Enquirer: 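My structure is below; once you've seen it, I'll send some questions.
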Number of protein chains: 2
Amino acid sequence: MTDSAKPRREQIYDVASRLFSERGYHATSMRDLAGELGIQGGSLYAHISGKEDLLVEIVRGASQQFDDSLFTLRELDLPADQKLREAMFRHIRVVADNMDSATVFFHEWKHLSEEPYAQVVAWRDTIDAFYRELVERGIEEGVFRADLDVRMTANLVLSAVNWTYTWYRPGGTLTPRDIAEQFAEMLLSGLRQA
Amino acid sequence: MTDSAKPRREQIYDVASRLFSERGYHATSMRDLAGELGIQGGSLYAHISGKEDLLVEIVRGASQQFDDSLFTLRELDLPADQKLREAMFRHIRVVADNMDSATVFFHEWKHLSEEPYAQVVAWRDTIDAFYRELVERGIEEGVFRADLDVRMTANLVLSAVNWTYTWYRPGGTLTPRDIAEQFAEMLLSGLRQA
DNA sequence: CCTACCGATCGGTAGG
DNA sequence: CCTACCGATCGGTAGG
């Protein structure tokens, strides 16, 4: 589907994601945005209610993608190491397939007003909890080392998958699957020569 | 040393670091900044040359701290696993001791004008190279697994140390040393039960 | 370091 | 979707 076949509203959100990720939310003017779409600044308001509405929707869309991708994993009956691989893959795939909105999500959420801001904070807690649960299960199953600090382990995994938004380049040779497999293998088996 | 004992210029950079990290560069006005210092907006220009000067200096200061901390490690004669521990500790300590400027560094460097922007890009390459070298040495020494992908390994380490700026809280129970030791131990030995 | 001001630009609206 | 406009605010300067 080409851009011009999409509804105007969607085009606006797409371009806003790109500009916000490249320049930042506050450094992007509504006239910049309109210019990229070939219309006048004031004309945007026929389709959207305001600038923050754009940010709210982009951030909500990104967190929704993480949720859809990760929470369906909860009930899956897999050994913890395989579940970790799969979670990392899905997490990285969301970032890789949505580089613009993921970047906006990680960089601009602090500029949200109170209510959507609080939702992002709450969302982040649920993602932390998801990875902590996964680690706890792994310890219980005897798949992971018993002396792991659950919080720090989840932290390390989250560092690896989240930081991809800073260096991943779509169209390169590395697929999200490649990245996840390599990261998971290093995390599970360690860097040290056995 | 209390704030009021510092030169005005330093006070301005300190407050700018905090405000830029909390609100972002473009969302912080020079009047916001002046207000926190108890002076008028125009009075700032007796001490600094402009808004971007603040950002340039904050970013330069942060990258300088990383350089000073990491590059003295190069000539140190340590086994690669110990060197990795020490590098991670120093890296995390720079982030933890400079949360404001580190946050500005990671979030706002894209808003720099051409020349300082290019310097940040070049700097990032030197840091990548530092960690890749460390991994290569470890493989040569037989301390690290021979089948490691050097670039991805450096990537994973950098993810762990850089991402700390998003979750570390000064004054908590975890010291930079604690974090580095735990992360390094997990990375070196792996999560899997042996 | 202040007062007073500059031109530019901002997000958003009215009326068509 | 455009033209024309609003008040507010921006970074920065002159003169003291």
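Reminder, nothing fancy here: chain letters follow the sequence lines and each chain counts from 1. In this text, all values refer to a predicted model and were calculated from it rather than measured experimentally.
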Enquirer: Let me know the distance between NE2 of A:H111 and C1' of C:dG11, rounded to the nearest Å.
Expert: 16 Å
Enquirer: If you assign A:G38 and B:A27 each to the DNA chain D nucleotide with the nearest heavy atom, which residue ends up on the more 5' nucleotide?
Expert: A:G38
Enquirer: Between C:dC1, C:dG11, D:dG12, which nucleotide has the shortest distance from any of its atoms to the side chain of A:M30?
Expert: C:dG11
Enquirer: So which of residues 42-60 of chain B are in contact with DNA chain C, with a heavy-atom cut-off of under 4.0 Å?
Expert: B:S43, B:A46, B:H47
Enquirer: Under 6.0 Å between the ring centres of B:W123 and B:F105?
Expert: yes
Enquirer: Around atom CZ of B:R137, are there more than 12 heavy atoms of other residues, nucleotides or ligands at under 6.0 Å?
Expert: no
Enquirer: Where are the stems of DNA chain D, defined as at least 3 consecutive Watson-Crick or wobble G-U pairs with both distances under 3.5 Å?
Expert: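 Stems for DNA chain D, defined as runs of 3 or more consecutive pairs: C:1-16 with D:1-16.
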Enquirer: Specify the separation, in whole Å, of atom CG of B:D32 and atom P of D:dC10.
Expert: 6 Å
Enquirer: Just say parallel, tilted or perpendicular for the rings of A:Y131 and A:H91, cut-offs at 30° and 60°.
Expert: tilted
Enquirer: Kindly indicate whether the side chain of B:M186, heavy atoms from C-beta on, has any atom under 4.5 Å from the side chain of A:L187.
Expert: no
Enquirer: Between D:dG11, C:dG11, C:dC2, which one does the side chain of B:Q40 approach most closely?
Expert: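 Nearest to the side chain of B:Q40 among the choices is C:dC2.
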Enquirer: Is the shortest side-chain N to carboxylate O distance from B:R177 to B:E86 below 4.0 Å?
Expert: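 Salt bridge: yes.
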Enquirer: Can you confirm whether A:W109 sits close enough to A:L55 that some side-chain heavy atom of one is under 4.5 Å from a side-chain heavy atom of the other?
Expert: no
Enquirer: Write down the distance between CG (B:L33) and C1' (D:dT9), rounded to a whole number of angstrom.
Expert: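 Atom CG in B:L33 sits about 16 Å away from atom C1' in D:dT9.
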Enquirer: Answer yes or no: does a side-chain N or O of A:S29 lie under 4.0 Å from OP1 or OP2 of C:dT9?
Expert: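 Indeed not, no polar side-chain atom of A:S29 lies that close.
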Enquirer: Please collect all side-chain hydrogen bond (donor to acceptor under 3.5 Å, both in side chains) contacts where either partner lies in residues 147-160 of chain B, sequence neighbours excluded, each pair once.
Expert: B:R145-B:D147
Enquirer: Within the 4.5 Å heavy-atom criterion, are A:E36 and A:T28 side-chain neighbours or not?
Expert: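 No, side chains not in contact.
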Enquirer: Measure from NZ or CZ of B:K51 to the centre of the six-membered ring of B:Y25, then state whether that distance is under 6.0 Å and the direction lies within 45° of the axis.
Expert: yes
Enquirer: Of the options D:dC5, C:dC5, C:dC2, whose atoms approach the side-chain atoms of B:R31 most closely?
Expert: C:dC5
Enquirer: D:dG11 P sits how many Å from B:H26 NE2, rounded?
Expert: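 One finds 9 Å between P of D:dG11 and NE2 of B:H26, rounded.
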